[in-house]
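Whatever order the structure lists them in is the order used to number ligands and atoms, beginning at 1. We number each residue from 1, following the sequence as shown.
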Amino acid sequence: MDLAIAGKWALVCGASKGLGFGCAKALVDNGVNVVINARRPEVLDEAAKLLIDVAGAAAQRDGFAAAKVIAIACDITTVEGREAVFSADGGPGKNFDIVVTNAGGPPPGDFRDWDRDAWIKAVDGNMLTPIELIKATVDGMAGRGFGRIINITSSAVKAPIDILGLSNGARSGLTGFVAGLARSGIAAKGVTVNNILPGKFATDRLEGNMKVAAEKSGKDMDTVRQAQQAVVPAKRFGHPDEFGALCAFLCGQHAGYITGQNLLIDGGMYTGTF
Ligand code: NAP
């Protein structure tokens with residue numbers, strides 16, 4: 001399916017690996033120019049090299065110009081980090097057509113151990129940073145008549161996980177904000193905003209969470225991994241490419257009537273009817 005977005009510009013945050021990288025890869029494969037970011041330059045540069053290869057292969061296959069890939073190493077949760085991506089050399093400034101927000105997730109733990117600073121950090125990374133990125137780009141999108149905003153949140157928004165209290169809380173704030181924004185004037189101007197809610201995906205983040213679970217329970221990693229896969233009806237973890245494919249579809253021209261949604265991608269793990 002031609003998503004008809006070749007040549008557009010996307011900002012993909014937290015994109016050196018995991019789900020963010022999956023989104024950047026799927027967008028580049030559809031001819032979308034990307035500014036990617038993450039904090040560690042060496043990991044980000046490796047990711048950029050892989051994306052440039054994907055862009056070249058896609059251009060040859062589909063006959064469009066190879067997507068440009070710009071890598072900016074910075075912490076997207078800071079004012080300076082956001083300024084750096086918006087002033088990237090060769091980038092579109094704030095005139096992005098697509099914004100994928102993501103900044104890693106807050107650490108797991110027990111809420112009794114979290115102080116105000118821990119909460120502020122979680123709210124900053126998982127609620128206020130996406131809102132700042134949207135604020136900087138959404139009116140430009142509306143003015144140009146096309147825009148796609150995707151927030152990577154978590155299945156924990158729909159089915160909270162006790163040890164992820166910081167994530168449950170901060171992301172619910174973003175979800176409420178997005179629900180209102182999506183139904184505001186931007187909807188009539190070609191701008192959609194949706195959240196994608198991952199279940200269990202094979203990334204370093206999931207490995208880290210499983211390590212905590214293993215330490216807490218005294219079980220080895222293989223036992224924990226098998227137990228976690230067993231609770232997923234698909235009996236496996238998701239692949240970041242599967243996540244990226246959904247993200248790219250929502251960013252495409254065919255998805256213009258999907259807005260304000262929270263789309264679970266979890267191998268069937270959420271047990272509710274709706
Ligand atoms: P991951 O594999 O750990 O990747 C996180 C990416 O974000 C890396 O590129 C990381 O690079 C970057 N990053 C982290 N903090 C950043 C910051 N402050 N500024 C810029 N970049 C930053 O994680 P993931 O599994 O892809 O998870 C992505 C999101 O989905 C997270 O919010 C996570 O909580 C959520 N999620 C994941 C799962 C899952 O099963 N994987 C399930 C539910 C929710 P640097 O460290 O170099 O900055």
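The minimum heavy-atom distance linking N30 with A248 is given by the pair ND2-CB, 4.1 Å.
Taking OG from S155 and CD1 from I161, the interatomic distance works out to 5.0 Å, rounded to the nearest 0.5 Å.
At least one heavy atom of C74 sits less than 4.0 Å from an atom of ligand 1. Contact between D75 and ligand 1 is present, with at least one heavy atom of the residue lying under 4.0 Å from the ligand. Within the 4.0 Å heavy-atom cutoff, P198 counts among the residues contacting ligand 1. Heavy-atom distances between A103 and ligand 1 reach below 4.0 Å in at least one pair. Assignment of R171 to the shell around ligand 1 is supported, since a heavy atom sits closer than 4.0 Å.
Between I76 and ligand 1, an N or O atom pair is found at a separation short of 3.5 Å. On a distance-only criterion, L206 and ligand 1 share no N/O pair closer than 3.5 Å. Distances between N or O atoms of F201 and those of ligand 1 include at least one value under 3.5 Å.
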Apply salt bridge (Lys or Arg N to Asp or Glu O under 4.0 Å) to D222 and R225, showing your working.
-> CA-CA 5 Å; D222 270 352; R225 185 172 289 107; 3.3 Å; yes

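By the 6.0 Å and 45° rule, K200 does not stack over the aromatic ring of F237.
The nearest protein atom to atom 7 (O) of ligand 1, hydrogens excluded, is given as G14 CA, 3.2 Å; this is a heavy-atom distance. The protein heavy-atom contact nearest to atom 26 (O) of ligand 1 is L19 N, 2.7 Å. Annotation: atom 42 (C) of ligand 1 to nearest protein heavy atom, G199 O, 2.9 Å. Of all protein heavy atoms, the one closest to atom 25 (O) of ligand 1 is T203 OG1, 2.4 Å.
At a 4.0 Å heavy-atom cut-off, ligand 1 touches T153 through the backbone alone.
With R205, K200, R39 as candidates, the residue nearest to atom 46 (O) of ligand 1 on a non-hydrogen basis is R39.
Listed by atom number, the atoms of ligand 1 under 4.0 Å from D204 heavy atoms are 2 (O).
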